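Chain letters run A, B, ... following the sequence lines, proteins first and then strands; every chain starts at 1. Because the structure is a prediction, the values reported are computed rather than measured.
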Protein chains: 2
Amino acid sequence: MSEKPYHHGNLKMELLEKGLAFVDEHGVEELSMRKLAEVCGVSSAAPYAHFQNKEDFLIQAQRFITEQFTETLQECIAAVKDKKKILLELGKRYVIFFYENPSYYHFLFSHGRVELTEYPPYQLFAEVVEEAFSEMGVKKKARRKKMLALWSMVHGLSGLSAMKGVLDGDDLEKEIEGILNAVEI
Amino acid sequence: MSEKPYHHGNLKMELLEKGLAFVDEHGVEELSMRKLAEVCGVSSAAPYAHFQNKEDFLIQAQRFITEQFTETLQECIAAVKDKKKILLELGKRYVIFFYENPSYYHFLFSHGRVELTEYPPYQLFAEVVEEAFSEMGVKKKARRKKMLALWSMVHGLSGLSAMKGVLDGDDLEKEIEGILNAVEI
DNA sequence: TTTTAAACTTGACAGTGATAAGATTAAGAG
DNA sequence: CTCTTAATCTTATCACTGTCAAGTTTAAAA
């Protein structure tokens with residue numbers, strides 16, 4: 001019958017994890033610091049030992065997701081053998097990530113909290129695209145615009161796919177592939 | 001010295017307008033029904049005569065913006081003479097609308113409230129694109145995917161442009177034009 | 001002119017973010 | 001091993017929020 005110890009031991013991490021699970025299930029607007037505290041079996045003020053305020057918690061939770069997202073992309077990049085397919089594969093993975101976690105898309109991009117310069121997925125994406133363009137013989141001057149166009153499309157499709165009714169979920173990969181391939185870079 | 005009448009007379013409309021102005025200035029998270037009531041010089045419970053609850057207010061406010069947005073797009077369509085340029089011009093107008101009102105983008109798409117099937121800008125966009133594709137000789141089977149690709153790009157760029165640091169604001173039109181033209185439909 | 005229903009106010013409730021003051025205890029210093 | 005200290009957590013409280021019930025005012029219909 002282990003009595004609950006006064007000190008939690010791993011509260012910060014549990015707050016982040018349970019918080020994200022809660023957001024995934026009920027959406028951001030339902031999340032409150034007090035509910036979160038209760039879910040973790042701790043008093044309502046306890047979270048404030050680890051986060052300055054709710055905003056700070058949300059920012060750190062976003063970082064947490066962003067890291068997962070970055071890892072997902074990195075794994076994808078590592079798994080692609082045929083380098084010619086990397087743009088398509090990366091784009092697909094990007095879109096699917098948010099299709100699978102629609103609330104994360106809102107959570108990340110809804111509040112203008114994400115700054116481009118400190119958004120690792122963008123850096124990663126930009127690097128891969130740059131390399132691919134180089135290999136494809138795209139002229140240097142055209143690269144930035146083409147890259148932004150591509151990113152817009154991938155990012156936009158991620159957002160739209162979070163809207164119900166846009167994508168056909170039956171054969172998602174094919175669907176996304178078809179859309180991304182519908183324009184020529 | 002006109003005494004404030006007991007009945008406001010035009011409260012619902014003023015709530016929507018002042019509410020949107022408030023959102024534009026301070027962001028959605030700062031908005032509360034009570035502040036809104038105060039801004040309109042009315043008691044804290046008065047808004048509930050016109051809106052079921054806050055969610056209902058937000059939905060109606062979104063409809064309100066969406067109408068403005070739709071009108072903007074319609075004016076744009078009407079103003080384009082060279083029909084070959086209509087895709088580009090419409091895309092530009094789409095992006096610029098949200099560049100000019102970044103908070104609106106978040107407001108509209110942050111909460112998954114917008115449903116594709118009842119989102120007039122999409123219908124409008126789809127019609128125009130369909131017609132343009134027909135004129136361009138795009139095969140019927142390819143149209144849906146191309147249209148989604150295009151819309152993703154335009155919509156995505158709108159979202160990204162709300163992130164500071166993505167677009168060069170000095171010559172915005174040229175910038176957007178360059179990006180949208182960087183891929184071939 | 002009377003009636004009625006819509007538009008508004010007042011006053012209340014539970015839930016929220018946040019802080020101050022105090023209790024507990026893990027971990028390092030001597 | 002003891003003492004100290006600082007991190008962690010609780011309790012109590014504040015101002016503010018969404019929302020509703022009950023009552024007030026008034027425009028407009030009967």
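Rounded to a whole Å, the CE atom of Met33(A) is 11 Å from the P atom of dT19(C). Look at CD on Glu38(B): it is 13 Å from P on dG18(D), rounded to the nearest Å. In this structure, Glu55(B) atom CD and dT17(D) atom C1' are separated by 16 Å, rounded to whole Å. Per the geometry, CD belonging to Glu30(A) stands 14 Å off P belonging to dG18(D), to the nearest Å. Computed from coordinates, the Leu31(A) CG to dG15(C) C1' distance equals 14 Å when rounded to whole Å. dT17(D) atom P lies 14 Å from atom CD of Glu29(B), rounded to whole Å. Gln52(A) has its CD atom 14 Å from the P atom of dT8(D), to the nearest Å. Residue Tyr48(A) contributes atom OH, which lies 5 Å from atom P of dG17(C) at whole-angstrom precision.
Residues from residues 13-21 of chain B placing a heavy atom under 4.0 Å of any atom in DNA chain C do not occur.
Comparing dG17(C), dT19(D), dT17(D) against the side chain of Lys35(B) picks out dT17(D) as the nearest.
Relative ring orientation between Tyr122(A) and Trp151(A) is described as tilted, the plane-to-plane angle lying within the 30° to 60° band.
Proximity of the aromatic rings of Tyr104(A) and Phe69(A) is defined here by a centroid distance below 6.0 angstrom, and this criterion is not met. A centroid separation of less than 6.0 Å is found between the aromatic rings of His155(A) and Phe109(A).
A salt bridge between Lys35(A) and Glu30(A) is present, with a side-chain N of the basic residue lying under 4.0 Å from a carboxylate O of the acidic one. Ionic pairing of Glu135(A) and Lys83(A) is not present here: no N-O contact between side-chain nitrogen and carboxylate oxygen is shorter than 4.0 angstrom.
The backbone N or O of Ser103(B) sits nowhere less than 3.5 Å from a side-chain atom of Asn101(B) that would complete a donor-acceptor pair. Under a 3.5 Å cut-off, the side chain of Glu89(A) and the backbone N or O of Val80(A) do not form any donor-acceptor pair. A donor-acceptor pair is defined here as one N or O able to donate and one able to accept, closer than 3.5 Å; no such pair exists between the side chain of Lys145(B) and the backbone of Gly178(A).
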### Task
Report, as a single string ordered 5' to 3', how protein heavy atoms within less than 4.0 Å touch nucleotides 4-12 of chain C: B base, S sugar-phosphate only, - not at all.
--BBBBB-B

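A cation-pi arrangement is present between Lys12(A) and Phe51(A) under the rule of less than 6.0 angstrom and at most 45 degrees off the ring axis.
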